[in-house]
Each structure stands twice: as C-alpha cells, then as structure tokens.
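In this text, all values refer to a predicted model and were calculated from it rather than measured experimentally.
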Amino acid sequence: LAVQSWASYLTLFASVSSSVKWNGKPPYSTFAKKFPNGAIDTSTEKTLIEEKVKLEEQVKETLEKYKRALADTENLRQQSQKLVEEAKLYGIQGFCKDLLEVADILEKAIESVPKDEIKEENPHLKNLYEGLVMTEIQIQKVFKKHGLLKLNPLGDKFDPYEHEALFHTPIEGKEPGTAALVNKVGYKLHGQTLRPALVGVVKEP
C-alpha cells in the first residue's frame, strides 16, 4: 500500500513537471510512464529476489570450497610434519646398524671370557672383564636414549615381525612356538624392527 501511494505521488509530480528538465535529465514523466497504474512492476521485485537467492547460493558454495581448502591445507601440513619427523627418526638407520655390529662384537667378547677365571688372583682378566661389561652397559644406555632397544626373546612367543627363525626343533619341557635359543639378539628403533632376533623355535614333537 505504501509503495502504491509513493508511486501515485510520483505520477502526480510527473504530470505537474512534465515540461521541466533538470540539468538536461529526463523529467519524472519517464518514471510515471513505466508505472501508469500507480503500482511497481512485480517482475522487477521477482528478478531481484532471484538474484538474491542466486548470490546466496554462490556465497554458500564459495564458503564450502574455502572450508575444504582449509581442511586440505591442514591435512597436507600434518602429512609434511609426519614425513619430517619420520626422516629424523629413521634417517640414522644405517649408522645404527653399523653400531649394532660393534655391540655384537662386545657381547661376544664378554661371553668368551671364562667365568671361573675371573678371580682376585687374576686381576688383569678381572679388570678387563669388568671394563667390557661396563662398556656394554653404557652402550645400551646410549642406544636406549636414542630409541634403540635390544630384543632378547628367549622363551617368548615367536613373532615374525621381530624374530627370524633359523630352525625348528622339538624340545621336551618347552612350549611349542616359543624361542628356545637366541643366536643373535635383535633391535628395534622407535618401535620399528631394525634387526630381527635370530632364534631357534620349538615345534610339536
């Protein structure tokens, strides 16, 4: 109703000033001609509403694309960070494997010392043995500090992810499927098997 009153006012004003031009612009009669009945064309309003709906859909679509782009960027950032962390953790695998050979030799040296010869009467051998043991303890502390853990699965259930079976044999009094002999200890680096333990596995008689 208010719109119609306003249009009627414009029609009346246009009829009064039909011969007047302001600054060379067309008079209000032009506006009045568009709405001869004193009412605004509803098609214009409908067009505006359709444009509004279309713009709202475009904004919604753009917002969804923006959210997906943010999610993809965050996933990429997390994946990149994970790759960097893995590179730091496992970049020293080759160096660790070389150190394991040193640890193996040290362990064999300790085992080769006759235990019944380690006496006060034999101080040189006793001191040598104790030095070897202390060195082996220290090197295992260093390994542990850097995430390198020793695997000695004697008596444990055979795990193909951590152990490598050298042979299978029945042994009385031993549970089948367990490691009855450890030929060489294994190691894990930050939870991943760096070298499997070499074992002999008990089998059914």
Side-chain angles (χ1 to χ4, degrees), residues 1-18 20-103 139-153 156-165 185-197:
L1 182 59
V3 173
Q4 291 179 351
S5 299
W6 177 249
S8 299
Y9 171 77
L10 290 176
T11 303
L12 177 61
F13 183 80
S15 63
V16 173
S17 58
S18 58
V20 179
K21 289 186 178 181
W22 297 338
N23 297 328
K25 295 182 179 179
Y28 276 93
S29 58
T30 305
F31 185 83
K33 289 179 181 178
K34 293 183 179 179
F35 308 105
N37 298 325
I40 295 178
D41 187 2
T42 56
S43 62
T44 303
E45 183 179 0
K46 183 179 179 181
T47 302
L48 291 174
I49 293 175
E50 291 176 351
E51 289 293 331
K52 177 177 176 292
V53 172
K54 186 183 297 185
L55 287 174
E56 288 177 345
E57 291 177 352
Q58 290 178 355
V59 169
K60 184 178 179 181
E61 183 180 354
T62 302
L63 184 60
E64 290 297 324
K65 290 181 178 179
Y66 174 69
K67 290 180 179 179
R68 287 196 296 269
L70 282 180
D72 292 341
T73 302
E74 178 62 19
N75 290 336
L76 180 61
R77 186 192 67 81
Q78 292 179 357
Q79 291 175 1
S80 299
Q81 184 177 359
K82 184 178 179 181
L83 289 174
V84 171
E85 291 174 354
E86 289 179 350
K88 290 180 179 178
L89 291 177
Y90 305 116
I92 58 172
Q93 281 187 350
F95 179 67
C96 288
K97 286 182 178 180
D98 291 340
L99 284 180
L100 296 187
E101 298 299 326
V102 177
I139 198 171
Q140 290 299 327
K141 286 182 179 179
V142 173
F143 284 174
K144 186 176 181 180
K145 178 181 177 181
H146 294 279
L148 189 60
L149 300 179
K150 189 176 183 179
L151 294 175
N152 190 350
D156 294 346
K157 198 74 175 178
F158 178 76
D159 185 347
Y161 295 102
E162 297 183 356
H163 314 146
E164 182 179 337
V185 297
Y187 283 89
K188 296 178 74 174
L189 178 62
H190 295 289
Q192 300 292 327
T193 301
L194 181 64
R195 188 183 75 183

Hey, what do you get for [atom1] ([X]) to [atom2] ([Y]), rounding to the nearest 0.5 Å?
| X | Y | atom1 | atom2 | result |
| --- | --- | --- | --- | --- |
| Leu100 | Gln93 | CG | CD | 10.5 Å |
| Leu63 | Arg68 | CG | CZ | 10.0 Å |
| Leu83 | Gln81 | CG | CD | 10.5 Å |
| Glu51 | Gln58 | CD | CD | 8.5 Å |
| Lys150 | Ile139 | NZ | CD1 | 10.0 Å |

Go through Glu101 and Asp98 one step at a time and tell me if the side chain to side chain contact (heavy atoms under 4.5 Å, CB included) criterion holds. CA-CA 5 Å; Glu101 298 299 326; Asp98 291 340; 5.6 Å; no
Taking Glu61 as the fixed residue, which of Glu64, Lys65, Glu57 is the one that meets the side chain to side chain contact (heavy atoms under 4.5 Å, CB included) rule?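 Running side chain to side chain contact (heavy atoms under 4.5 Å, CB included) over Glu64, Lys65, Glu57 with Glu61 returns exactly one hit, Lys65.
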Which heavy atom in Leu151 sits nearest to a heavy atom in Ala197, and how many Å separate them?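 Leu151 and Ala197 have their closest heavy atoms at O-CB, 4.0 Å.
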Looking only at heavy atoms, which two atoms of Asp156 and Asn152 are closest? And how far apart?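 Minimum heavy-atom contact is OD2-O, 4.3 Å.
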Is it true that Glu56 and Lys52 have a side-chain N and a carboxylate O under 4.0 angstrom from each other?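 Yes, this pair counts.
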Are Lys54 and Glu50 packed together at the side-chain level, in the sense that at least one heavy-atom pair is separated by less than 4.5 angstrom?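 No - every pair of side-chain heavy atoms lies 4.5 Å or more apart.
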What pairs of donor and acceptor atoms, side-chain ones from residues 185-196 against any protein atom, are under 3.5 angstrom apart with sequence neighbours left out?
residue	atom	partner	partner atom	Å
Tyr187	OH	Gln140	NE2	3.0
Lys188	NZ	Glu162	OE2	2.9
His190	NE2	His146	O	3.2
Thr193	OG1	Tyr161	O	2.8
Arg195	NE	Val185	O	3.4
Arg195	NH1	Asp104	OD2	2.6
Arg195	NH2	Asp104	OD1	3.2
Arg195	NH2	Asp104	OD2	3.4
Arg195	NH2	Val185	O	2.6

